[in-house]
Every structure is written in structure tokens, then in C-alpha cells.
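Structure first, then comments.
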Amino acid sequence: MTATHSTPVPDTARLETVFGILTKAPEPVSVSKMASGMKSFGRCPAKQCEALAEGLVQSGRAHRFPPTSGKAFRYWAHDARAYARLLIEQALQAKRRSLVDVDKTVAKRIPDLSGSQRDEVLSELEREGRVHRWPPTAKGPVQLGRTPPDPREYLRTAARTFRKQFANVRGKLEGVGVAESQIVAAALAELGLTAPPAVGANAPPAAGTGAAPSVAGAAPSVAGAAGAGFCGAFDAAFARLDRLRGSHNFVSLVELRQALSDFPRAAFDEGLHRLRRDGKFGLSAAESIHGIRPEELQAGIREAGALLLFVSRKQP
Amino acid sequence: MNFQADPTNATGDLEAFARRFQDDNPFLANAVSDVHGVVIDVPDVHGKQFEQLIGYAEEVHRRRWHMGQVIWGEAGIGKSHLLARFCRWAEGDPGACCIFLHNLQPSPEALSRYVLKCVVNRLAQGRQQDFHGTQLYDLINRTVRHALKTYRPKTSRPTAAEVRECYRRWVDDFVAEHPNAGPDARAVYDVLFALFASAYNAKYYGGDEQVAAAAFRWLSGDAVERDEAASLRMRCPNDADAVVALAGSDAIETVLIVLAQLVRLYHQPLVLCFDQIDNLSIDQFRALTQFLHPLIDHAENLLVLVSGVKTKLLQMVEAGDILGAAWERIAQNEQGIGLDRIGPAQARTILQERLRAFHADCVRWPPSRERLQQDDLFPLGSRWFNDRIEPLPELRPRDAINWAREHWRERQSRLRAVGAAAWLAEWPGPRPTVDPKTPSAGDEAETLRRIDQQAARLVAEQHDRRLHEPEGLPPDAGNLCGLTLRLLERCVGDAWQYGLKSVRIPPADKAGRLPTYHLIAEPRSAAPCPALAITFIATANATSTTFALRRLVNDGATPEHGVLLVTDERLPLHLGTRGHEYLDELLRRGPQRFRLVELTFRDYAALDALQGVIGLAVSGDIEVEVDSSSATYKRVTADEIVASYHRQDCFRRNRLFGKIFAAPLAAGAEPCDGDSPSLGDFR
């Protein structure tokens with residue numbers, strides 16, 4: 001606990017280096033990996049690294065995890081819950097997997113983490129929008145994925161059957177002089193759906209639907225942009241971009257203007273002004289460490305002598 | 001309406017009103033830089049965020065939990081105002097033990113120790129002795145009473161041995177239940193008890209407080225002598241010259257964990273508030289987050305709040321300048337506590353609050369009372385508000401205050417021009433127009449004058465605040481060195497009559513020995529002035545002082561340097577026999593080669609105030625008006641503040657910097673002017 005100022009304490013330096021390695025490592029590391037990171041101290045045998053890591057575990061600064069192969073334990077500065085988060089996200093990196101599969105993977109790697117703790121970690125990831133639960137299909141179990149459930153995947157089989165039968169019915173009805181538009185309208189009515197916009201119409205997405213920010217295909221007029229269509233598209237674009245940037249509730253106008261490029265500048269500004277007036281979104285000034293880039297200057301809004309560049313969603 | 005209808009009554013009222021209006025401007029203050037800087041507060045503005053903060057503080061206490069939260073938003077949005085409001089709430093009941101930290105200047109390696117020192121000094125209310133009655137004493141007292149209640153239910157007066165035994169048992173239980181507190185927890189508790197016992201005996205039995213003083217220094221992160229360590233019942237090194245101090249960040253963390261625990265028994269959470277952390281250098285920021293990461297993980301009953309400009313903090317995080325894991329501990333919620341711009345309605349409430357005191361006087365005089373009844377924004381006026389603020393979807397609180405201040409000035413100017421009676425009769429009067437005599441943005445000299453005026457006012461304000469709260473600036477060589485370095489760096493160059501060629505920290509000794517000098521300042525011309533080596537000492541430890549002086553005496557590598565030894569009057573050089581010998585030898589070298597400057601607290605506060613105002617500029621908190629007609633403001637940069645310091649000769653007027661720039665070490669210079677004491681002064 002105490003030390004003389006004049007006495008160097010090499011073990012403390014080694015201990016801190018090991019701690020640094022365990023903190024920076026993207027996942028739990030083996031003793032041999034730790035040893036290779038200790039080259040600045042000359043040769044540092046694996047045994048010594050293991051002792052240092054165990055010391056950190058004893059003091060609560062690091063955590064020990066079972067071996068993935070062989071007999072060597074692995075160490076990390078982050079706890080079992082953090083590791084479980086990592087494992088779940090890694091498991092879903094390439095494709096969706098069933099909930100049971102994912103849970104088994106985590107339970108196998110971290111046997112000390114109870115079922116309820118695993119559930120908590122999963123719920124946490126779901127709340128953060130990093131993992132999404134896909135409802136079971138007729139044949140498959142509950143799945144987990146990194147993207148929200150895509151309705152088309154669930155409707156594909158039903159749609160295939162419907163298309164076949166619809167083609168058959170349409171042929172018969174057209175043969176007796178019923179107009180195609182009538183047939184389509186009737187089909188939609190039977191399915192309980194409203195008619196889509198007429199081909200070529202530029203109606204913006206419906207307000208408040210949380211529609212995907214795919215503004216491709218939507219080329220609204222200036223007058224329409226300030227209305228509900230802009231609000232929905234802006235809301236969705238903001239949500240998507242904010243998630244991409246770490247969910248700090250902070251998105252640059254440069255990115256938002258790019259994402260909503262189908263809205264002319266005047267329409268965008270007018271729509272945003274209304275959202276600000278309604279207290280839904282707010283702007284804040286450009287205050288970069290590195291100065292303001294030309295594209296930021298271009299995208300920003302000048303107001304009362306300040307260049308406003310970043311959008312935040314206001315607390316309700 | 002004719003206010004001259006009854007001249008006999010009206011004249012006195014008019015004069016009184018006019019005097020009151022001309023003498024005041026309730027919108028002068030537009031930034032908060034410390035806990036007590038808030039005079040007027042509107043609870044509705046950022047009220048949700050305030051409730052969030054209280055909720056977090058209560059949660060960490062209730063759940064014996066730990067948490068880090070970031071408060072962020074743009075400059076002028078009200079971050080410091082919110083923290084100040086929170087600190088005022090903390091002073092209430094049940095409140096919280098809130099420690100406000102800002103303008104941290106130590107090197108990254110020394111940052112954690114300085115944070116600890118600030119916390120312990122705040123708890124001890126800046127005292128170096130007479131600890132009875134301080135918050136620190138009360139915390140230990142409460143713990144001792146808690147231990148007695150737990151382990152000795154008898155009501156009779158306990159003996160000293162019983163007190164010690166109960167406390168020991170309580171500590172045993174705590175250490176067993178909290179392995180995360182670290183291996184030093186028991187020693188920290190023992191030293192706290194030693195401080196308590198010594199202060200108690202001094203208060204009630206007239207004992208001295210030497211043990212308490214040593215305990216306080218050790219808890220603050222400073223070194224204590226071997227015999228002092230023995231008096232604190234610590235294991236002592238065999239070397240008679242060795243000193244004992246908290247070793248490393250783990251031990252520092254343990255002291256803070258233990259203090260958080262003591263505060264819990266006081267039924268409050270411990271809250272550490274780091275304001276304007278975007279002012280820290282990248283290395284300092286990294287060091288702070290690395291220190292706070294395990295502290296937040298391991299402490300109970302601890303809330304860490306950091307605040308800064310959101311854009312800058314996110315840029316540092318996204319650039320990978322700090323570890324993601326460390327940042328996640330500090331900002332446990334990615335969105336943090338974000339402060340938004342306010343709407344015109346809230347701006348109106350702020351203005352009304354600021355006008356309240358003025359209105360209280362206005363109702364005493366019938367002419368102004370009538371105007372006030374017509375318009376609750378008198379004398380600014382709702383028309384001005386509707387023209388200037390109402391059309392905006394949102395604005396910063398500071399914008400509303402700045403614009404109101406300028407409009408108030410414009411109204412004052414109009415009153416001077418037309419007289420009080422006519423002014424009231426025509427009120428709200430003609431809409432302001434561009435006055436060709438009013439300086440505008442194009443008038444660079446006028447802008448510089450306003451920057452100078454603003455810089456001088458802020459420095460004086462910051463200086464006063466430090467003088468009122470000396471516990472916020474404890475004596476610390478590392479902080480003083482960092483502060484001096486940062487300000488000297490602003491004097492490198494040849495744009496002024498004086499200045500330096502360079503200033504640097506000497507390279508560290510590979511063998512890990514302590515440095516002889518902390519800074520080397522090279523004058524612009526090599527001759528006749530030699531480079532100046534500066535050493536800072538602020539310790540009550542005679543051994544450390546002796547070693548530092550011995551290093552100066554024995555340094556043969558840089559005889560060409562003049563040496564400036566800087567000390568703090570609150571911790572004057574504590575010299576043993578050998579220390580005296582070394583100091584005598586240094587003084588015998590003459591003022592050309594060695595000088596000693598003992599800074600008063602006023603000197604230190606003046607330096608810190610200079611850097612504090614630079615920090616405000618870095619955070620975007622200083623603005624000056626550049627165009628009166630449109631009330632357009634310019635944000636003053638740190639470089640512009642520094643240039644203003646040079647124009648106003650602020651550096652050379654500072655006592656320490658005056659010594660550095662006055663080249664007294666040049667050959668043939670005048671002997672020392674009183675700073676260097678005679679050989680007898682230290683005996």
C-alpha cells in the first residue's frame with residue numbers, strides 16, 4: 001500500500017500493462033496473447049502473466065473465462081455480461097440465428113451466467129436496438145437478427161399462393177370485360193388494404209408511420225414537404241442515422257440532407273423549422289475541434305448569427 | 001398619458017426611476033463558472049434534466065450503486081447553470097455531498113492524485129489544521145457513531161478503547177463485504193480514524209493536531225515523513241530518509257471508495273462534478289477517463305457527472321482518443337443528459353425573472369408602475385420581444401440574455417437623450433435603428449477594446465471567486481506547474497515585447513528518479529539571459545523538500561541555467577537541518593543563478609483565473625457584441641483572449657510571470673527584490 005518514492009515498483013508497471021491489454025482487447029485473451037503484448041518488458045513468461053492476471057481477477061479488476069479450446073483460461077477487463085453481449089452480437093454478425101442456438105452458445109462459453117442473466121443481457125440489446133427478435137414462422141422457431149423483422153419474409157409464401165390464384169381469377173374476369181383496376185381494387189379490399197397511390201404520383205410517406213427512410217421514389221413538392229410527409233421521413237432518417245452514429249441523439253445536417261435529398265432545400269428547411277417549432281427536434285451550433293468543413297457550412301442553417309448544424313430529438 | 005400632469009409628485013418619482021434604470025442592467029451576467037455563480041434561476045428551463053440528475057443521485061444512494069453521466073450541449077446552453085442548480089439542491093436536505101471540480105491543470109500522470117486532493121480539501125473546507133467541525137470530521141464522526149451503535153448497544157459513555165474496537169469491527173465487516181474497495185481500504189480507514197481521534201483530542205483535551213495534519217496530507221495524496229507514518233500506525237520503510245505516500249491510482253481510488261462509503265452513512269450520495277472537461281488536453285482527458293473507469297466500477301454510492309460541449313466530446317470519443325469502455329462508464333446512457341435550446345416562451349420567463357428585482361422597485365413609483373401594468377417585460381417591452389425573439393423556433397438562454405442586455409443599453413441611451421418624462425411618455429418609443437455613431441463589426445479597434453474589457457472583467461470575477469473559495473484550489477506543485485506551463489506556452493513567440501523562445505518539460509529520467517526541474521523556459525535571445533529552470537515545491541514534508549533542494553544543489557548537468565524555485569505560502573518550505581544547508585548553498589550562488597518566489601494564494605488565484613478565462617473561451621462561453629444595431633455577437637476564441645492578455649500586459653503584471661520575464665537572472669541584473677529571503681528567514 002505504501003511505497004517509497006525512490007523505489008521503482010516494476011510489478012505495478014507490469015500489472016498495469018496487463019490491465020491495459022485486458023481493457024483494450026476486443027474479447028477475452030489467453031495468457032500467451034498477453035505475454036506477446038508484454039514485449040516491452042523483455043521476456044515475460046506466460047506463468048508470470050497468468051499470475052498478474054489472476055491478481056487482477058482477485059482485486060476485481062479483471063474477469064476469468066473458461067477456455068474455448070485446450071485448458072488455458074482467458075482473461076478480460078470486462079465482466080461476463082459484457083462478454084455475453086459480445087458473443088450474441090458476434091453470433092448474429094453473418095446471419096440470423098434461432099434464439100435457442102444463441103442462448104446455447106453463450107451458456108457454453110460463460111457457464112457461470114445464469115439463464116435469467118442471459119435473458120437480461122438479451123433484453124438490454126433489444127432495448128438498445130442492437131438485436132431484434134423475429135417472430136416464429138409456420139415452420140421455424142423464434143430467431144434473432146441484427147435488423148428488424150422484414151414483413152416480406154413472412155408474407156412470401158402466402159403471397160406466392162395468392163398470386164397464382166389471383167392470376168387465375170383475373171384471367172376469368174377480364175375475359176368477361178371486368179377492368180383490371182376494378183379487379184385490383186377488389187383484391188385489396190378483400191385483403192383489407194388501402195389502394196396504393198396511382199402510378200407516377202409523388203405522394204410522400206404517411207406521417208407518423210415510422211416508415212423506412214427510403215425516400216427513393218418520393219419526390220415531394222416544396223409545399224408538401226413541410227407537411228406530414230416530411231415529418232415522417234425526417235423522423236425515420238434521423239432514427240436510422242442516429243443509430244449508425246452510436247445513438248447519441250446527434251445527427252449532422254450534412255447527413256440528413258443527403259438522406260432526404262429528394263426534398264428540395266427550401267422544403268427541408270421549412271419542414272425542419274416546423275418540427276423545431278413543435279418542440280420535436282432541436283438544432284445546435286457547429287463547435288468542432290477541427291473547424292468547420294465546407295460541406296458543413298453548406299448544409300448548416302444560419303440563425304441569429306450562429307451556424308446551426310446538429311439535430312437532436314427533444315425529450316417529450 | 002401625460003406623466004407631467006402633476007409635476008410636484010411626479011418629479012421625484014421620475015428621477016428615482018431614471019436613476020434606478022440607469023444604474024442597473026440585470027442582463028450583465030450571461031455565464032456561470034462555478035457553483036455559486038447562479039443568482040437567478042428558472043426551474044422550468046431544463047427542469048427535466050435537473051429531475052434526471054436528482055433521480056440518478058438518489059438512485060446511487062438508494063441502491064448503493066455507482067454511475068457516470070455526461071451532461072452535454074452546445075456552449076451557452078446552460079450546462080454549468082444546471083450543475084450549479086444541482087449543487088445548490090445538494091446543499092439541502094437530504095441533498096448530496098457534491099464536489100465541483102474544474103480547471104484541472106496537472107499532468108496526466110498526476111491528475112488522479114490532484115482530483116483526490118481537491119476532494120479531500122473540499123471536505124476539510126480548505127483547512128490544513130483545526131479539522132473539528134469540518135465535513136470530513138463529521139463524516140468520520142458519523143461512522144464512529146454508527147460503529148458504536150452497531151457493536152455496542154449500551155448507552156453509557158464509551159471508553160476510547162471501546163470506540164477503537166467498535167470501529168475496528170465495523171471496518172473488518174466493511175472490508176470483508178467489499179473486496180472491490182482494494183487492499184488499501186483498511187489502512188485508509190485507520191488513517192481516517194487517526195485524523196478523527198487527533199482532531200477530537202485537540203478540540204476537547206487541548207492536544208496538538210500533528211497526527212491529524214499528517215493523516216490529512218496522506219489522505220490528500222501527499223507524502224508523509226517516516227515518523228509521521230509511524231504515528232499513523234503504518235508500516236514504515238527501513239530507510240530513514242524514505243517518505244510514505246499512497247502508491248498509484250489503485251490506492252487513490254480506494255480513498256475515494258472509502259469516502260463514498262462514509263458519505264453513504266451520512267445518508268447522502270457522493271457526487272463528483274467535472275465541469276468543462278472538453279477543456280482538458282487529449283492526454284488529460286484520457287487519463288481522467290481511465291482513472292474514473294475503475295472508480296465507477298468499484299465504488300458504491302458514487303455519481304460521477306462530467307459536462308462539456310457535445311460536439312467536441314463526441315469528436316474525441318469517435319476519434320478513439322479514449323477507450324470506448326472507459327467512456328461507456330462515464331456516459332452510461334449514450335444519449336447522456338442533453339440540454340436543448342429553449343423556446344421563446346421559456347426565454348420570456350427567463351427575462352421576467354431577471355427583471356423581477358427591477359420591477360419590485362418600479363411599483364414604488366407611479367409612472368413606472370403604470371408601464372409595468374401595461375407590459376410585464378417593461379422596460380424591454382413585449383414589442384421588442386415579439387420582434388427579436390418570438391419569431392425564432394428556439395434559442396440559447398444566453399442569446400435571450402445577451403439581446404436583452406443590449407436592448408436595455410439602447411433604452412438607457414434613449415432615456416439619456418430625451419429625459420425620463422419623455423421616455424416614459426413615448427415608451428416603448430421608436431424602434432431601434434442603426435446609429436452611425438455606434439461602433440459596428442467593421443470597427444476592429446472597437447471590437448478589440450470590447451474583448452479587452454470583457455477579458456479584464458472575467459479575470460477579476462474569476463479571481464474573486466477563487467479568493468472566496470480557497471479550498472477549490474489546494475496547494476499542489478503539480479497543478480501549479482501545469483498551470484504555469486500552459487500560460488507560458490501562450491507567451492512563446494515574438495509578437496510581443498517580451499516572450500519566450502520555448503518552454504518545455506525536461507525529459508524524464510530513465511531510471512525513474514524524480515526530476516530536478518519541472519520546466520525549462522528559454523528566453524528569445526540566447527544572450528545575455530540564460531535559460532530558466534523552474535522547480536515547484538509545495539509539500540509540508542521536510543524530507544521531500546530536502547531531497548528536492550539537494551537535487552538542485554547537486555545538479556551539475558545544467559550549470560548554465562538560472563534556477564527559479566517556486567513555493568506556495570500555504571505550504572512554506574519545511575526545512576530540516578540539511579534542508580537549511582542546501583538552501584543556504586543555493587542562495588549563496590546569488591540572484592543571477594538562484595531565486596526563490598513564494599507565491600501568495602492571491603498570486604496563485606490570479607494565475608488560475610487567467611487560465612480559467614482561457615478555458616471559458618475554449619468552451620465557447622465568451623461572447624462580445626460586434627454590432628449594436630443588430631445585437632450581433634462574436635464568440636471570442638482562446639487565442640483572442642491571450643492576445644488581449646498581452647495587450648493588457650496581464651502576464652508581466654502577474655508576480656510569478658513578472659519574475660520570469662523580467663530577466664533578473666541575467667548577468668549584472670539587480671539583486672533580488674525581496675522575494676529571495678535572507679539566509680536567516682528560514683531558520
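Here is how names work: the chains are called A, B, and so on, in the same order as the sequence lines, proteins then strands, and each is numbered from 1.
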Does A:Arg130, at its CZ atom, have more than 12 non-hydrogen atoms belonging to other residues, nucleotides or ligands within less than 6.0 Å?
no

Assess whether a salt bridge exists between B:Glu318 and A:Arg245, defined as any Lys/Arg side-chain N lying under 4.0 Å from an Asp/Glu carboxylate O.
yes

Could you check whether the rings of A:His248 and B:Trp72 sit parallel, tilted or perpendicular, using 30° and 60° as the cut-offs?
perpendicular

Heavy atoms from other residues, nucleotides or ligands near CD of A:Gln298 exceed 12 (cutoff 6.0 Å)
no

For chain B, find which of A:Gly282, A:Ala82, A:Ser247, A:Gly60 contributes the most heavy-atom pairs closer than 4.5 angstrom.
A:Ser247

How long is the gap from CZ on A:Arg313 to CG on B:Asp340, to the nearest 0.5 Å?
12.0 Å

Among B:Leu395, B:Val309, B:Val317, B:Leu392, the residue with the most heavy-atom pairs under 4.5 Å to chain A is B:Leu392

Within 6.0 Å of CZ in A:Arg277, more than 12 heavy atoms from elsewhere:
yes

For B:Arg513, does the CZ atom have more than 12 heavy-atom neighbours from other residues, nucleotides or ligands under 6.0 Å away?
no

Find the one option among B:Pro344, B:Gly343, B:Gly73, B:Ala75 whose heavy-atom pairs under 4.5 Å with chain A are most numerous.
B:Ala75

Value for CZ (B:Arg341) from CG (A:Leu308), rounded to nearest 0.5 Å, stands at 4.5 Å

In Å, rounded to the nearest 0.5 Å, how long is the span from CD of B:Glu74 to CZ of A:Phe310?
10.5 Å

For chain B, which candidate among A:Leu283, A:Leu275, A:Leu309 shows the most heavy-atom pairs at distances under 4.5 Å?
A:Leu283

Given heavy-atom pairs under 4.5 angstrom as the criterion, report whether the side chain, backbone, both or neither of B:Arg186 touches chain A.
neither

Could you look at B:Glu328 and say if it's the side chain, the backbone, both or neither that has a heavy atom under 4.5 Å from chain A?
neither

Where does A:Ser312 contact chain B at under 4.5 Å (heavy atoms): side chain, backbone, both or neither?
side chain

From B:Thr311 OG1 over to A:Ile292 CD1, what is the distance, rounded to the nearest 0.5 angstrom?
9.5 Å

Roughly how far apart are A:Phe281 CZ and B:Glu394 CD, rounded to 0.5 Å?
11.5 Å

Salt bridge between A:Glu287 and B:Lys310, side-chain N to carboxylate O under 4.0 Å?
no

Do A:Thr23 and B:His293 have side chains that approach each other closer than 4.5 Å (heavy atoms only, starting at C-beta)?
yes

If the threshold is 4.0 Å, N to carboxylate O, is there a salt bridge linking A:Arg61 and B:Asp250?
yes

If I measure from the heavy atoms of chain A, does B:Leu314 come under 4.5 Å with its side chain, its backbone, both, or neither?
side chain

With a 4.5 angstrom heavy-atom cut-off, which part of B:Arg635 approaches chain A: side chain, backbone, both or neither?
side chain

Proximal component of A:Gln58, with respect to chain B [non-hydrogen, under 4.5 Å]:
neither

